[in-house]
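It should be emphasised that the depicted structure is a prediction, and the values quoted were computed from it without experimental measurement. Counting from 1, the numbers follow the sequence of the chain as shown.
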Amino acid sequence: MNRAWELAAGLSRRHFLAWSAAVGAAGLAGCKSTEAAKLQTPRSQIGEDPADPETVPTVGSKTSVGNTEALTVSGVGLVYNLPGTGSSPPGGSWRTMLEDSLKKLKRDQTLNLRELLDGPGRTTSLVIVSAQIPPGAREGDPVDVQVTLPDDSRTTSLRGGELFATELITFDTTGNIRAQVRGPAARGGGNQLVAGSVWARAQGPLVAGNIVLDGADGKDAKPDTDAEGRALYRAGFIAGGAKVAHTRPYYLLLNAGDQNPRVGAHIAERLNTTFHTTSDPRFKVADAKDRELVLLSVPSAYRHNHYRFLLVARQVPYNPVGASSVYRQKLEEQLMDPATALTAAVKLEALGGDCRRSLKIGLESASPWVRFAAAEALAYLGQTDGAAELARLAEDHPALRAQSLKALASLDDASGTDKLVEMLTSADAELRHGAFIALRLADERHPALGGALMNRSYYLHRVGGRGASAVHLTAAGRSEILVFGDNVKLRGPMPPVPLGSEFTVSVPAGDEGVKVTRVVRLKDRDPEVKEARCGADLSAVLGALANLGGGYSEAVELVRRSARAEALSAPVVTDAVPREMSIQQLAGFAKVDTTLAKANVEVAKVGTVQPAVDANGFEVPVDQGPLIAPAGAALPKQALNRNPGRLFGPSRASDAPLLDPAVVPAGGR
């Protein structure tokens, strides 16, 4: 075995991927053991229950979970088709990288780089492109893309541009790699940048925009503008704009005492048998690679909730459990007890499809904890029996809302999407927005989403219905405005409201409609004035604004200023997204809060919008007797000995929109 493979074998398990990406390792380290070959896997004995059902060996008792961190990938790209707002990139390493990339992608065609990059029309711009490859992503999965301008770029706006095909790769430093392999003391000896593997290729039209947030004094914070006060769109977003090039399975790492090829093979067999009814029969959930490693892919039913899958997979019994086993009977009893229902439901779900009958009994319980535990488990087993209950729980209990909505989104059935559509008319802003996000996860083309791209700058979603009217804005993530209800209008009279440096919107008294005006100041010429009149409906006004060239900044400014002037007929809500508590936190409340009265209040204080996959560990709550205190914060993550070098400075430019935390198609948040 050469030294490179010996070093790879000595890597910490959580850093194995970072090493292989940086140095191009294509295989998994390991060597054969003559002693391990002699070991035999215990034969499965159905019906042989231990005296204490709590001691049943599980997949989780023999393994730990690895490769659970998102992978940041970046590249230098080119945006083209800009309407004279681009710029020629200055000489330097980034321009060299862009030229090399363009030559590689267009190697079979004649390409005049100087004409493309330095043309007098200023139709192109060098940009920094980045994305997050979530753990568990499959080859071909779409991921969202951020596009930003370098600090020294002279480009004034990315609006209207399209991103040329850009390869997104990992980067690390030689010093960091040495530290991962040999320990922190090996950081010396130079620190050069090392490019890793190509993980995605991004391209497509940008949605460029930046939201105008409230300042600390309650007034509108000033957006980025040019010398004449026009909004600068220095950031772009492409929803699903990159395709994952390689599958990123989770790792099941066998414990030291269980590292045996036969044990790994048996674990893979148990997982494939358990989850075969919830995925494509041709799809293999688990694949044993060697004596230490089992690769784990996420079945379709769990595509929006990877954490749930990993939690359940670790509770799969190492040996099959009989239908009349003491273990199963014990779980059925625990399911009906609110204090233990959440844990029991996970363990019953881990027995596979033949536990559905036991779970359906839980739907008849008087306890909302029991009904929730049963309905959630049934949903991930592909059963629609609990869909109506999940919808009721989402409406009545904020503490269970996020999990209930994700479970409904996982159902490949109209019973799930129909319930989500019904909730779009709710008077509860958080429930309404949460249902919208869940419906988009379930079916991004569902007609109830009502999305339209406005002037290549943002998406306007008009979600009609007889429910409560409201306008939803997001301070981070996708550039979009959500208009709920059929009666969101501008009310007059409203004096001209300036939007940026070129637009005004006014509502005269009477029934004259709304007047949208744009004044374009031209050098050495009289200003050019354009006008449009439309009805008072907010969607119509936003459409007229976009037709005159208005973008996301002007649209958000219109919504916020008209609301502040009390000229908008519906309230404006920002970032109303359901917060969720971990199963450990919920289990703590379940022991003392039978009606969820406390949990429904506390979720706003201790819940999170979207925790990382490994934020709370992968152990189910255990019965610890009297409750000490509900978990008020995520469990501490294992300390990481990693300080990866970055090519482009901070992971997110200060003026770049965050990726939407509720929509990671591949990572399922």
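Formation of a donor-acceptor pair under 3.5 Å by the Ser130 side chain with backbone atoms of Val73 is not found in this model. Asn67 places a side-chain N or O within 3.5 Å of a backbone atom of Pro249 that can act as its donor or acceptor partner. No donor-acceptor pair under 3.5 Å is formed between the side chain of Arg518 and the backbone N or O of Phe503. Not a single donor-acceptor pair under 3.5 Å links the side chain of Asp100 to the backbone N or O of Met97. Under a 3.5 Å cut-off, the side chain of Ser569 and the backbone N or O of Asn487 do form a donor-acceptor pair. With Arg303 contributing its side chain and Ser300 its backbone, the two residues share a donor-acceptor pair below 3.5 Å. A donor-acceptor distance shorter than 3.5 angstrom exists from the side chain of Arg234 to the backbone of Pro150, with no hydrogens or angles considered. Side-chain atoms of Ser457 never come within 3.5 Å of backbone atoms of Gly551 as a donor-acceptor pair (strictly under, hydrogens ignored). Remark: side-chain polar atoms of Ser410 are paired, donor with acceptor, to backbone N or O of Ala407 under 3.5 angstrom.
In this structure, the separation between CD on Glu167 and OG on Ser101 is 6.0 Å, given to the nearest 0.5 Å. Of the inter-residue distances, the one linking His246 atom NE2 with Ile133 atom CD1 reads 9.5 Å to the nearest 0.5 angstrom. Of the inter-residue distances, the one linking Leu206 atom CG with Asn81 atom CG reads 11.0 Å to the nearest 0.5 angstrom. Rounding to the nearest 0.5 Å places OH of Tyr458 at 9.5 Å from CD of Glu554. Expressed to the nearest 0.5 Å, how far CD1 of Ile169 lies from CG of Leu71 amounts to 11.5 Å. Going from atom CG of Asp575 over to atom CG of Leu473 covers 8.5 Å, rounded to the nearest 0.5 Å.
Within 6.0 Å of CG in Asp151 there are 12 or fewer heavy atoms belonging to other residues, nucleotides or ligands. In Tyr307, the OH atom is crowded: over 12 heavy atoms of neighbouring residues, nucleotides or ligands sit closer than 6.0 Å. Taking a 6.0 Å sphere around CZ of Arg201, one finds it holds 12 or fewer heavy atoms contributed by other residues, nucleotides or ligands.
Contact of the Ser125 side chain with the Ser153 side chain is registered, since non-hydrogen atoms from C-beta on lie closer than 4.5 Å. By the 4.5 Å heavy-atom criterion applied to side chains, Thr574 and Thr474 are not counted as neighbours. You'll find the side chain of Ile437 reaches within 4.5 Å of the side chain of Val577, heavy atoms only. Within the 4.5 Å cutoff, the side chain of Val127 has no heavy atoms near those of the Thr148 side chain. Here the side chains of Arg478 and Asp144 are in contact, with some heavy-atom distance below 4.5 Å. Side-chain contact between Pro205 and Arg456 is present, with at least one heavy-atom pair separated by less than 4.5 Å. In this structure, Val529 and Val520 have side chains that are not in contact, with every pair of non-hydrogen atoms separated by 4.5 Å or more. Contact of the Val505 side chain with the Leu499 side chain is registered, since non-hydrogen atoms from C-beta on lie closer than 4.5 Å.
Gln132 and Thr72 form a side-chain donor-acceptor contact under 3.5 Å, judged by distance and modelled atom types alone. If you check the side chains of Thr85 and Ser157, you find no donor sitting under 3.5 Å from an acceptor. A donor-acceptor contact closer than 3.5 angstrom links the side chains of Arg432 and His472.
Salt-bridge annotation for Arg440 and Glu480: present, with a side-chain N of the basic residue lying under 4.0 Å from a carboxylate O of the acidic one. Salt bridge annotation for Arg401-Glu580: absent, with no cationic side-chain nitrogen under 4.0 angstrom from a carboxylate oxygen.
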Practice problem: Go through Ile481 and Met454 one step at a time and tell me if the side chain to side chain contact (heavy atoms under 4.5 Å, CB included) criterion holds. | Solution: CA-CA 10 Å; Ile481 297 175; Met454 309 298 286; over 6 Å; no

Self-check item: side chain to side chain contact (heavy atoms under 4.5 Å, CB included) assessment of Arg122 paired with Ser87
Solution: CA-CA 5 Å; Arg122 299 194 300 169; Ser87 65; 5.5 Å; no

Exercise. Show your working on side chain to side chain contact (heavy atoms under 4.5 Å, CB included) between Tyr459 and Val207 and close with a plain yes or no.
Key: CA-CA 8 Å; Tyr459 279 94; Val207 176; 3.7 Å; yes

Exercise. Decide side chain to side chain contact (heavy atoms under 4.5 Å, CB included) for Arg248 and Trp199; before the verdict, give the C-alpha distance in whole Å, the side-chain angles of both, and the deciding distance to 0.1 Å.
Key: CA-CA 10 Å; Arg248 279 200 70 200; Trp199 274 95; 3.1 Å; yes

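Asn455 and Gly550 make their closest contact through ND2-O, 3.0 Å (heavy atoms, listed as atom of the first residue, atom of the second, distance). Between Met423 and Leu405, the closest heavy-atom pair is CE-CD2, 3.8 Å. Val519 approaches Pro527 most closely through the heavy-atom pair CG1-CB, 3.8 Å. Nearest heavy-atom pair, Val76 versus Thr166, reported as atom, atom and distance to 0.1 Å: O-CG2, 3.6 Å. Considering all non-hydrogen atoms of both residues, Ala242 and Ala200 come closest at CB-CB, 4.1 Å. Listed here is the closest heavy atom pair of Leu82 and Thr155: CD1-CG2, 4.4 Å.
Ring centroids of Tyr250 and His306 are separated by less than 6.0 Å, placing the two rings close together.
For Arg95, the side-chain hydrogen bond (donor to acceptor under 3.5 Å, both in side chains) partners at least two apart in sequence or on another chain are Glu99, Asp118. Scanning for side-chain hydrogen bond (donor to acceptor under 3.5 Å, both in side chains) contacts around His433 gives an empty result, with sequence neighbours left out.
Using a 30° and 60° split on the angle between ring planes, Phe484 and Phe436 fall in the perpendicular class, above 60°.
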Sequence neighbours left out, cut at 3.5 Å: what donor-acceptor pairs do the side chains of residues 532-547 make with other protein atoms?
{"unit_1": "Asp537", "atom_1": "OD1", "unit_2": "Arg462", "atom_2": "NH2", "d": "3.2"}
{"unit_1": "Asp537", "atom_1": "OD2", "unit_2": "Arg462", "atom_2": "NH1", "d": "3.4"}
{"unit_1": "Asp537", "atom_1": "OD2", "unit_2": "Ser539", "atom_2": "N", "d": "3.0"}
{"unit_1": "Asp537", "atom_1": "OD2", "unit_2": "Ala540", "atom_2": "N", "d": "3.3"}
{"unit_1": "Asn547", "atom_1": "ND2", "unit_2": "Gly543", "atom_2": "O", "d": "3.2"}

